Structure formats: C-alpha cells, structure tokens
Amino acid sequence: MRVRFAPSPTGHLHIGGVRTALFNWLYARHNNGAFVLRIEDTDKDRSTDEYIEAIIEGMKWLGLDWDEGPFRQTERFDIYNKYIDKLLEEGKAYYCYCSPEELEAGRKEAMKQGRALKYSGKCRDLDAVQVEATHDKKPVVRFRMPSEGQTVVNDLIKGEVVFDNAQLDDLIIMRSDKTPTYNLVVVVDDADMNITHVIRGDDHLNNTPKQMQLYAAIGYEVPKFAHLPMILGPDRKRLSKRHGAMSVDAYKDMGYLPDALINYLARLGWAYGDQEIFPRQELTEKFSIENVGTSAAVFNPEKLLWLNAQYIINTPAGELAELVMPFLIKEKIVDKDQLPDKTWLSKAIATLKERSKTLIELTNSLRYYIAEDVEYNEKAKARFLNHKSLPLLVELKDSLGTVSDFSAPELEQVFKAVIDKHDIKLGKLAQPVRVALTGGTESPGIFEVLEVVGKERTLKRLEKAIQTINKARS
RNA sequence: GGUCCCAUCGUCUAGUGGUCCAGGACGUCGGCCUCUCACGCCGAAAACACGGGUUCGAGUCCCGUUGGGAUCACCA
C-alpha cells in the first residue's frame, strides 16, 4: 500500500498538519507501505520556498521520514495539462467565460434564496457563435459534473457517506491563467503516484465525491479514503493561528521533545485500551485505522506538557545533554567554543530531569550549576540569608573546607554533624544553603547540588552568602 | 442557508447488547513521602445531550430533537 502527505506551503507546518502526516506515516510503517511527501504548491501567490523548507525541517525534526519525494506540483504542469486537454476533447469539461464578479453575485443570490451555492451552468452548453462573442475573454475550464444519481464514499473511518450528484458543483479545474487547480491535481497525482489510501482531514470529506467523479472521468480506479476528525481549539473551533503558537517550530522552541508531541498527537483521535505512553516502535506496531475515533478532539496543552515531562524523565541524561545544548547556547549560559564536560553535564541533568517539564525549564535550572556565580531571588534572600542562618553557614563552610571526598553521602555526614550539634532540623540548614548555592528556594536535594557544583564553587558561594549577611547588618 | 460529519467526566478517551450504580489519563481538590521544589504513591469530586422506538435487557442498534463542527473560491 502507498499513502501520502500533501501539505500546501502557505504557512508553517502546524499541529493539524502534523497529525495528518503522522497517521499516514503510522499507517505506512505499520503495513510496510510507502510514505510519499508531495508539496501542493499550485497556488503561486501564497506558496513560498521558505515554507517548503520549514515543512521539510519540521518533518525531519519529528522523525516522520518519507520514502519518496518531496514532489512539487509546480514541476508537473505538463502532466495536468494533458488530462485537462483530454477531458475537454471528450466533452467531460468545458470552457467557462463567466467573470469572478458575475460568479460572486450568483453565489450571493443563491445564499439569499437558501439554495446550495452552485455554479449556474451558464457556459455549460455554449454554441460556436456564443463562444465567438467571448473571444477576448480568458476562460477557465470547468469539469462537467453529472447532475443525476448519487456518489457513495466508503470511508474507512466514517463509513458509507452518500451524496446526491445534483449537489456537486461544476468545479474549476484550470484557472484563467492556465494553471490547474487543487481538485484536479490531487486526483491526477494520487492516481499517477499509485496512492492506495488517501488519509486526510475530514474537512475534505465534502470534496471526495467530486474527486471520485474526476477519477471516473479520467478512467482511474479510486483509492480508499479515510477522513480523520479535526483537531479543535479550546473554543471548539478548528485549530488555527488564532489559538496561539500552533506551529511545530513553536513547540520545538518551547523545549518539547518530538516523541512527546508525536505521542500526544497519536492519542488525539486514536486509542489503544488504557495505554497513554507509546514509544515510537509501539506506536507503529499498534496503530490501526479501525481504532481511530470519529469525533473531533480538543487540543489540550496541559496533557501535552505532562507527556513531555514523562518523556524527559525517561530520556537518558546523556541524550538530554545533547538536546539541551542548543538551548544553553541560545540563552548564553554556555559559550559555543567552550562547552561543558559531557559527563559532568549529564550528572547535573540527572538531578534535574524529574523536575523539568520542558527543555527550557531544564535550561533555566542548569544555569546555577554552570554559571560561576548566582543571583539571589530577593524574597529567598530576605527569608533565609539572615542573622539566624549566619552561624550555621559559617560553621558548615569551615567543615566543608576539610572534606576531601565531595560526594553526596559524605556531605550528608557533614550536614548531620552541624544540625546535631545545634539540635535543629535539616531544613533549617538546607534552605539557607540552597539559597546560597542556587539563588532560590527550589532545587534538587541539597547534597546532590553541592556535589555537582563542586567544592571550590560551593565554598565560594557560601562565603558570598556570609558576606551578604554581614553587609546587610552593618 | 444547502450538503455532509459528530455527540461518554472540564479535556483526551475505554466501552462493539447483559461482566457498567460506566474504566483509564490530563487537569482540579485532599493526603502520604520529604531538606525545598518536583517525581512517586493513596484518595475524592466529575460523564453516557434529550425524546421516542427495537429488545427479556441499550452507553452500545434505529428514528427524531437539540447542540457542536466542516464545507459550499479562478485556496488547498
């Protein structure tokens, strides 16, 4: 079997498009079929090379690899023209000389009268004399749709959907500038590329009977169709730019992992019992069209965030070190020419994994591990760096100065000695130290923090905290 | 407005006529763990849109109502 993803490069790759691409990809991988990438760029006014590049980059980042393409429809015009000529010759299509203004007026009138917004059929059967009278106009080509009977779509997801042919419009297959339109090229390409299963959003369901008539006119076998339910925004309207950052790039920049996004999108409209987390391998193994739901789904950012956190927890620290590097550089936490030691960075990340929901959060926490110095959060400083903690900090610093094995278990002993002596709880000591080391009141376990920061910088930061307190008192 | 699609907790969903006083997950609330924050664990509130059928029996099948969505371009 062969499937395809056919985006039009009129915008960035967005969440809805990714979901369509994903289901095609999963179907292909599950069935050992071919996944074709085709760029539908026949709208010259709105398509750009930048968007084509963005779509390709997005697909690569997501790991949705394709077997053929990317094909561009603008490079295949001669093929489409051949079919347009053939349809004209056989009388299955005709030239239409109506002006856009005229058509618009007809539509308004139809809307007013409560009829379907259909072409009047004015140019359907012009005779030679009438055509002669319009010689100075640039015509479009319309497809002659049957006006009687029914067209039945046997959809893999929606089931049997019946359309009265009288409802179908004589659609334009060639513009007045002689370029072909979507409804023709999609049919010609899917046929020419031997696509066996057309999996796409259900916003295309109404187009399907028209396209089936085109298949019949051209003489091709129709593929199987599967129309995926839409993804909606929180307002239950079709997902769009109005709903904020919805491009794949945006999620990449916000520190989401591709696998988390893939997992989330797969579960939107598809389920496998009670399972929530699907490693990619399992996804391709378990995916099936039969388990795709029929109703539209609201996009839920909170659940995606939770999934991303799960994926970060389950990703080895060494891999996260690679993934977080671009963020560290972008935030100027590290210098591109002076990268931190991989082993050390992995150790730092290991302490932070389970409290970072995104790579951005991880990046920000890493700041206090990597930087030479920390800045205090004002509230934290006021609460914990004061006369009460001063003697404790001084004593701890002195004790730590003599420790040779600066490891968490050893450090715990040092802390224990101090709190035992003063008969206080660990928190009384740990929080001031935490502020001194990280600048804030939230961090991994304090012994781990000390170990990662290392003896030299730990002592330096404790000294700075002590001086800060003394300065405030004088 | 015409046509088409859809309808289980706030959200994603399980459920394919009896095992459902409806299960899981996110979120919310409460608790445990605890050096903070998380993670983790335990618990709670929370749904079969409505009305008719069919059937011994309906969340599950049929019809209608209501509600939502999509589409009707010389866009794709």
Side-chain angles (χ1 to χ4, degrees), chain A residues 6-10 40-43 45-47 73 96 98-100 103-104 107 110-118 138-142 153 155 157-159 161-164 166-169 171-177 179 181-183 185-186 200-209 227 229-230 232 234 236-238 264 267-277 293-307 309-310 313 352-357 365 380 384 412 415 419 425-431 433-435 438 440-447 449:
Chain A
S8 72
T10 53
E40 310 228 317
D41 56 350
T42 57
D43 183 351
D45 294 338
R46 298 196 303 148
S47 301
Q73 292 182 321
C96 172
C98 296
S99 67
L103 296 171
E104 184 54 35
R107 251 180 255 121
M111 181 72 103
K112 233 199 281 183
Q113 293 181 16
R115 287 184 290 109
L117 280 53
K118 242 185 94 173
K138 289 189 166 150
V140 299
V141 174
R142 281 184 187 273
V153 180
D155 194 88
I157 292 170
K158 307 282 186 184
V161 185
V162 182
F163 295 85
D164 281 329
Q167 285 292 331
L168 309 181
D169 207 0
L171 39 85
I172 291 171
I173 56 176
M174 190 187 86
R175 303 184 181 91
S176 52
D177 67 358
T179 58
T181 62
Y182 167 74
N183 277 298
V185 298
V186 73
R200 78 232 293 201
D202 72 8
D203 49 337
H204 284 284
L205 187 52
N206 286 310
N207 277 329
T208 307
H227 286 95
M230 298 271 91
L232 275 24
R236 301 209 128 265
K237 294 244 190 285
R238 182 182 171 163
Y264 177 73
R267 274 291 282 103
L268 213 53
W270 174 82
Y272 191 85
D274 284 340
Q275 190 172 343
E276 295 288 349
I277 297 181
T294 47
S295 54
V298 174
F299 183 82
N300 184 315
E302 282 83 28
K303 188 158 183 178
L304 170 58
L305 187 61
W306 170 77
L307 255 178
Q310 294 300 311
I313 288 173
L352 253 17
K353 273 205 316 185
E354 65 196 24
R355 49 205 111 215
S356 306
K357 291 185 192 298
S365 299
F384 293 108
E412 184 165 3
F415 272 67
I419 63 171
K425 290 197 166 184
L426 177 57
K428 292 278 184 227
L429 175 60
Q431 280 303 79
V433 174
R434 180 166 278 117
V435 177
T438 72
T441 56
E442 301 158 15
S443 86
I446 196 66
F447 313 124
V449 172

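So that the names make sense, note that chain A is the first sequence line, chain B the second, and so on, each numbered from 1. Only a predicted model underlies this, so the values are computations on that prediction, with no experimental measurement involved. Values below: every heavy atom of this structure, side chains too, minus hydrogens, waters and symmetry copies.
Applying the side-chain hydrogen bond (donor to acceptor under 3.5 Å, both in side chains) test to A:Glu104 and every residue at least two apart in sequence or in another chain returns A:Arg107. For the ring pair (Phe, Tyr, Trp, His ring centres under 6.0 Å) test, no residue two or more places apart in sequence or in another chain qualifies with A:Phe163. Partners of A:Lys357 according to the side-chain hydrogen bond (donor to acceptor under 3.5 Å, both in side chains) rule, which considers only residues two or more places apart in sequence or in another chain, do not exist here. Listed by chain and residue number, nothing satisfies the side-chain hydrogen bond (donor to acceptor under 3.5 Å, both in side chains) test with A:Arg355 (two or more places apart in sequence, or in another chain). Residues that satisfy the ring pair (Phe, Tyr, Trp, His ring centres under 6.0 Å) test with A:Phe384, not counting sequence neighbours, are absent from this structure. Shown here are the ring pair (Phe, Tyr, Trp, His ring centres under 6.0 Å) partners of A:Tyr272, two or more places apart in sequence or in another chain: there are none. Residues passing the side-chain hydrogen bond (donor to acceptor under 3.5 Å, both in side chains) test with A:Asn206, sequence neighbours excluded: none.
The partner of B:A22 is absent, by the rule that a Watson-Crick or G-U pair needs both atom distances under 3.5 Å. Across all strands shown, B:A45 forms no Watson-Crick or G-U wobble pair with both key distances under 3.5 Å. Base pairing of B:U3: its partner is B:A70, meeting the Watson-Crick or G-U wobble criterion (both donor-acceptor distances under 3.5 Å). Partner assigned to B:C50 is B:G64, using Watson-Crick or G-U wobble distances below 3.5 angstrom. With a cut-off of 3.5 Å on both Watson-Crick or G-U wobble distances, the partner of B:A76 is given as none. Base-pair partner of B:C35: not found among the strands shown (Watson-Crick or G-U wobble, both distances under 3.5 Å).
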The contact string for nucleotides 60-65 of chain B, one letter per nucleotide 5' to 3', using protein heavy atoms under 4.0 Å with B, S and - for base, sugar-phosphate only and none, comes out as ------
Given protein heavy atoms under 4.0 Å, the one-letter contact record of nucleotides 66-71 of chain B, with B base, S sugar-phosphate only and - none, is simply ---SBS
Please set out all donor-acceptor pairs under 3.5 angstrom arising from side-chain atoms of residues 440-447 of chain A, sequence neighbours excluded.
| unit_1 | atom_1 | unit_2 | atom_2 | d |
| --- | --- | --- | --- | --- |
| A:Ser443 | OG | A:Arg434 | NE | 2.7 |

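A gap of 31 Å separates the P atoms of B:C4 and B:G10, to the nearest Å. B:U13 and B:C50 are spaced 23 Å apart, taking the C1' atom of each and rounding to whole Å.
The closest donor-acceptor contact from the side chain of A:Tyr264 to the backbone of A:Trp306 lies at 3.5 Å or more, if one exists at all.
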Check nucleotides 19-30 of chain B for protein N or O atoms closer than 3.5 Å to its own N or O atoms and list the pairs.
| unit_1 | atom_1 | unit_2 | atom_2 | d |
| --- | --- | --- | --- | --- |
| B:G23 | N2 | A:Asp274 | OD1 | 3.0 |
| B:G24 | N2 | A:Arg267 | NH2 | 3.4 |
| B:G24 | N2 | A:Glu276 | OE2 | 3.0 |
| B:A25 | O4' | A:Glu276 | OE2 | 3.2 |
| B:A25 | N3 | A:Lys303 | NZ | 3.3 |
| B:C26 | O2' | A:Lys303 | N | 3.2 |

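Counting distance only, with no hydrogens placed and no angle test, the side-chain atoms of A:Arg434 and the base atoms of B:C35 include a donor-acceptor pair under 3.5 Å.
Inter-residue side-chain proximity for A:Thr294 and A:Pro229 is flagged as unmet; no heavy-atom pair is nearer than 4.5 Å.
Using a 4.0 Å heavy-atom cutoff across all strands shown, A:Gly269 reaches sugar-phosphate atoms only and no base atom. Residue contacts shown for A:Thr10 are absent, as no nucleic acid heavy atom lies under 4.0 Å away.
Applying the salt bridge (charged side-chain N to carboxylate O under 4.0 Å, His left out) definition to pairs two or more places apart or across chains, those involving residues 294-304 of chain A are A:Glu276-A:Lys303.
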